[in-house]
Amino acid sequence: MKYSEFFIPTVKDAPSDAEIISHKLMIKAGMIKQSSAGIYSWLPLGLKALRKIEQIVREEQDNAGANEMLMPTIQSADLWIKSGRYDDYGKEMLRIKDRSGREMLFGPTNEELITDIFQSYVTSYKELPKNLYHIQWKFRDEVRPRFGVMRGREFLMKDNYSFDISEEEAKNSYNKMFKAYIKTFLRMGLTPISLRAETGPIGGNLSHEFQILANTGESTLYYDKELERLNPEKLDPDNLQSYYAAVDDQHDENNCSVKKEDLKISKGIEVGHIFYFGTKYSEKLNAYVQDQNGKKIPVHMGSYGIGVSRLVGALIEANHDEKGIKWPKSVAPFTLSIVNLMPDDQNCNTKSLEYYSYFMSNNIDTLYDERICSIGKKLSDNDLIGTPIQIIIGKRDLSAGVVEFKDRMLNKSKKIKIEEVKKVILEKINS
RNA sequence: CGGGGAGUAGCGCAGCCUGGUAGCGCACCUGGUUUGGGACCAGGGGGUCGAAGGUUCGAAUCCUUUCUCCCCGACCA
């Protein structure tokens with residue numbers, strides 16, 4: 001993508017409305033525009049980041065055997081009345097009426113709908129287990145939306161639902177998702193900490209929340225330092241769940257199973273939550289299957305959420321500096337920026353274009369900055385939008401036979417010989 | 001929902017106390033000079049001051065109502 005053809009409205013001063021760093025940076029980098037409280041438009045750059053994150057979530061769901069589908073944003077109130085949550089959900093639920101006066105709502109979650117879909121097709125234990133997910137916009141009319149996309153009213157969430165014949169089988173599904181979650185967050189370059197959690201309004205008796213470490217996080221976490229050294233190849237959920245981890249108001253110094261020297265304290269942001277809630281919804285919404293004896297039993301269910309749009313903010317909270325965003329490679333809107341400092345100079349142009357077409361043909365998501373503007377603006381824009389790998393091409397360097405290579409994450413630059421650029425960059429990207 | 005704050009040019013702000021018909025920086029447009037970290041000079045365009053009502057000869061400024069947004073708290077993906 002050529003920078004001049006791409007819509008990235010970066011701004012110097014973030015609106016005074018923005019308070020936390022990720023919100024400020026998302027506005028400064030031209031990723032989002034607020035539409036009303038807690039509701040945002042995703043501009044091209046923001047959407048690219050959102051899509052990359054979404055794709056990693058999707059791949060790990062698919063790897064774990066979940067099936068993607070898509071349920072509507074607008075639901076009929078009927079099912080919610082049946083489950084008893086239509087009244088319980090309170091003012092957080094956005095209720096609307098269609099033209100014929102039917103009670104509708106903008107879905108805040110999908111337990112009711114998915115259970116209804118499931119029960120209308122599945123009648124035998126032979127068809128279990130099943131695990132279905134979708135990545136869809138939700139709406140919760142929060143009392144107080146804040147922190148940009150971290151706590152919006154409208155937000156993109158991956159939610160999935162597992163259906164099993166027994167509690168034991170359901171725990172198996174639960175652990176599969178547990179593992180998938182850890183892998184998902186590790187792939188994004190984050191450090192996930194899993195904590196046993198209250199089950200809240202969703203109900204049930206087993207639940208974990210997943211926080212990622214970020215200095216600016218809202219919660220304070222106390223956990224065994226082993227949790228920071230996870231090997232995605234040998235993840236054992238049962239083992240992992242045995243490690244100590246607690247948020248500050250649940251942490252009890254006198255009753256903490258981990259040795260003092262192994263206890264770490266860090267700030268975290270919640271990005272995922274999983275629940276096993278047994279037969280709560282299957283009983284109310286008639287999701288029964290016949291077991292081997294022909295007896296009808298309610299299916300055991302679990303639900304699993306990842307805040308996809310929140311992750312965009314959380315990733316920035318975890319990866320930024322005074323210049324802007326520092327995207328991990330796996331989720332960066334652009335993997336590589338080619339910054340042509342002198343678009344008027346023929347040598348700079350020729351060399352930049354050569355690299356640009358080379359990396360594009362190698363399927364590297366490349367931003368070619370060929371704008372006619374001051375050098376400072378180019379360099380600071382590319383740092384702001386956080387492209388992890390940048391090559392900076394100027395007249396002076398070219399005549400010395402080199403270009404500048406910048407690692408945004410480490411904030412380190414070095415000169416590379418012109419003839420080695422392609423190889424070095426490809427190696428860096430694939431490392 | 002309790003407490004606090006803010007709406008003036010695209011963005012950041014001043015002006016309001018003490019009424020006299022709106023200003024600064026950035027951005028934008030034109031011309032020129034620049035060119036390895038948000039460049040410089042000159043010229044230029046852009047605002048019914050959130051909305052409604054009231055007081056007044058006269059309201060961004062004073063009064064009333066209302067809408068929106070933000071922050072702290074309680075609550076949550």
Side-chain angles (χ1 to χ4, degrees), chain A residues 9-20 23-24 27-28 30 33-39 57 89-93 107-110 135-160 181 197-202 207-212 218-219 247 249 269-275 303-314 322-324 339-345 348 369 371-384 390-400 402-404 406 411 413 415:
Chain A
T10 59
V11 290
K12 263 191 187 173
D13 300 310
S16 50
D17 283 358
E19 193 61 25
I20 61 163
H23 190 195
K24 281 184 186 162
I27 292 169
K28 285 178 78 172
K33 170 156 174 58
Q34 181 164 346
S35 169
S36 58
I39 302 178
V57 171
Y89 228 93
K91 287 190 163 179
E92 275 206 2
M93 181 183 276
T109 179
N110 287 65
I135 300 174
Q136 176 64 294
W137 292 92
K138 308 290 191 295
F139 194 94
R140 293 183 192 169
D141 202 351
E142 295 274 350
V143 193
R144 193 182 154 212
R146 59 183 125 172
F147 303 147
V149 300
M150 298 258 283
R151 180 82 176 278
R153 291 194 292 174
E154 188 180 56
F155 58 98
L156 187 62
M157 180 163 97
K158 183 284 302 174
D159 45 322
N160 58 320
Y181 271 42
E198 302 295 317
T199 49
I202 294 183
S207 174
H208 282 87
E209 61 178 62
F210 292 78
Q211 302 234 8
I212 56 99
E218 280 186 272
S219 345
V247 290
D249 57 350
I269 299 169
E270 186 181 359
V271 290
H273 208 146
I274 63 179
F275 304 87
S303 76
Y304 315 87
I306 289 180
V308 176
S309 49
R310 170 179 284 190
L311 267 169
V312 181
E322 64 290 343
K323 292 179 187 168
V339 185
N340 183 352
L341 294 182
M342 301 274 281
D344 292 331
D345 180 82
C348 288
D369 190 350
R371 290 173 299 166
I372 311 278
C373 67
S374 79
I375 287 157
K377 178 160 172 56
K378 283 190 191 210
L379 295 171
S380 54
D381 273 348
N382 282 281
D383 284 345
L384 173 63
Q390 303 175 21
I391 49 181
I392 297 158
I393 296 167
K395 211 170 167 178
R396 199 180 70 194
D397 276 353
L398 275 191
S399 59
V402 296
V403 301
E404 182 180 331
K406 185 195 276 182
N411 249 329
S413 291
K415 308 288 184 186

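Reckoned from all heavy atoms, side chains included, excluding hydrogens, waters and symmetry mates. A, B, ... follow the sequence lines: proteins, then strands. Residue 1 opens every chain.
One can place NZ of A:K12 at 9 Å from P of B:C28, the figure rounded to the nearest angstrom. Separating the CD atom of A:E218 from the P atom of B:C72 is a distance of 9 Å, rounded to the nearest angstrom. The CG atom of A:D397 sits 12 Å away from the P atom of B:G37 (whole-angstrom rounding). One interatomic measurement links the two molecules: CZ of A:R144 to P of B:G4, which rounds to 15 Å at whole-angstrom precision. Rounded to whole angstrom, the span from the CD1 atom of A:I39 across to the C1' atom of B:C70 amounts to 16 Å. Look at NZ on A:K91: it is 15 Å from C1' on B:A74, rounded to the nearest Å. Rounded to an integer number of Å, the gap from CG of A:N382 to P of B:G38 is 15 Å. Atom CD of A:E209 and atom C1' of B:C75 are 14 Å apart (whole Å).
Note that the CE atom of A:M157 and the CZ atom of A:F139 stand 14.5 Å from one another [nearest 0.5 Å]. Taking CZ of A:F275 as the reference point, atom OH of A:Y304 lies at 11.0 Å (rounded to 0.5 Å). Atom CZ of residue A:R371 and atom NZ of residue A:K378 lie 6.5 Å apart, to the nearest 0.5 angstrom. Atom NE2 of A:H273 and atom CD of A:E209 lie 5.5 Å apart (nearest 0.5 Å).
The residue among A:M150 and A:V402 whose nearest nucleotide of RNA chain B lies closer to the 5′ end is A:V402. Nearest-nucleotide assignment on RNA chain B puts the 5′-proximal partner with A:L384, out of A:L384 and A:E19.
When distances run from any side-chain atom of A:S16 to the nucleotides B:C70, B:G36, B:G12, the shortest one goes to B:G12. Set against B:C76, B:G12, B:C26, the side chain of A:D13 has B:G12 as its closest nucleotide. Distances were taken from every side-chain heavy atom of A:H273 (C-beta onward) to each of B:G38, B:C69, B:A77; the shortest belongs to B:A77. When each of B:G36, B:C76, B:G73 is scored by its nearest atom to the side-chain atoms of A:R146, the top-ranked nucleotide is B:G73. In the set B:G37, B:G36, B:C76, B:C76 carries the atom at the smallest distance from any side-chain atom of A:R310.
Taking atom P on both nucleotides, B:G47 is separated from B:C1 by 38 Å, rounded to a whole Å. Taking the C1' atoms as reference points, B:U61 lies 13 Å from B:U55, given to the whole Å. For the P atoms, the distance linking B:C69 with B:C28 amounts to 30 Å, nearest Å. B:G73 and B:G46 are spaced 45 Å apart, taking the P atom of each and rounding to whole Å. The gap from the C1' atom of B:C76 to that of B:U18 amounts to 48 Å, rounded to the nearest Å. B:C13 and B:G20: their C1' atoms are spaced 24 Å apart (whole Å). Remark: the separation of the C1' atoms in B:G50 and B:U33 is 43 Å, to the nearest Å. Across the P atoms, B:C49 and B:A9 are found 10 Å apart, a figure rounded to whole Å.
Side-chain N/O atoms of A:S380 include none lying less than 4.0 angstrom from OP1 or OP2 on B:G37. A close approach under 4.0 Å does not occur between any side-chain nitrogen or oxygen of A:T109 and OP1 or OP2 of B:A77. Under 4.0 angstrom from either OP1 or OP2 of B:C70 there lies at least one side-chain N or O belonging to A:Q34.
Base engagement by A:D381 is indicated by at least one non-hydrogen atom pair under 4.0 Å involving a base atom. If you check every strand for non-hydrogen atoms under 4.0 Å, A:S36 touches sugar and phosphate atoms only. Nucleic acid contact for A:V143: base, since at least one base atom lies under 4.0 Å from a heavy atom of the residue. Among the protein residues, A:E270 comes within range of the sugar-phosphate backbone only, with heavy atoms under 4.0 Å from sugar or phosphate atoms but none that close to a base. Across all strands, A:G394 comes closer than 4.0 Å to base atoms (heavy-atom distances). A:G90 comes within 4.0 angstrom of nothing in the nucleic acid, heavy atoms only. Heavy atoms of A:A18 sit nowhere under 4.0 angstrom from any nucleic acid atom.
For B:A51, the paired nucleotide is B:U65, the pair qualifying as Watson-Crick or G-U wobble because both relevant distances are below 3.5 Å. B:A14: no Watson-Crick or G-U partner with both key distances under 3.5 Å is found in any strand. Across all strands shown, B:U56 forms no Watson-Crick or G-U wobble pair with both distances under 3.5 Å. Base pairing analysis places B:G36 opposite nothing; no Watson-Crick or G-U wobble pair with both distances below 3.5 Å involves it. Pair check for B:C28 finds B:G44; Watson-Crick or G-U wobble, both atom distances under 3.5 Å. Pairing for B:G2 goes to B:C72, judged as Watson-Crick or G-U wobble with the two contacts each under 3.5 Å.
No hydrogens or angles were tested; on distance alone, nothing pairs the side chain of A:K406 with the base of B:G36 as donor and acceptor under 3.5 Å. You'll find a donor-acceptor pair under 3.5 Å spanning the side chain of A:R151 and the base of B:C75, going by distance alone.
Counting only distance, with no hydrogens or angles, the side chain of A:K158 and the backbone of A:V308 share no donor-acceptor pair below 3.5 Å. Although no hydrogens or angles enter the test, the distance criterion places a donor-acceptor pair under 3.5 Å between the side chain of A:R310 and the main chain of A:E270. Panel note: side chain A:Q211, backbone A:I269; a donor-acceptor pair is recorded below 3.5 Å.
When each of A:V339, A:L341, A:L398 is paired with A:I393, the side-chain contact (heavy atoms from CB on, under 4.5 Å) condition holds for A:L398 and for no other.
Residues A:I306 and A:V271 are not in side-chain contact: their nearest non-hydrogen atoms beyond the backbone lie 4.5 Å or more apart.
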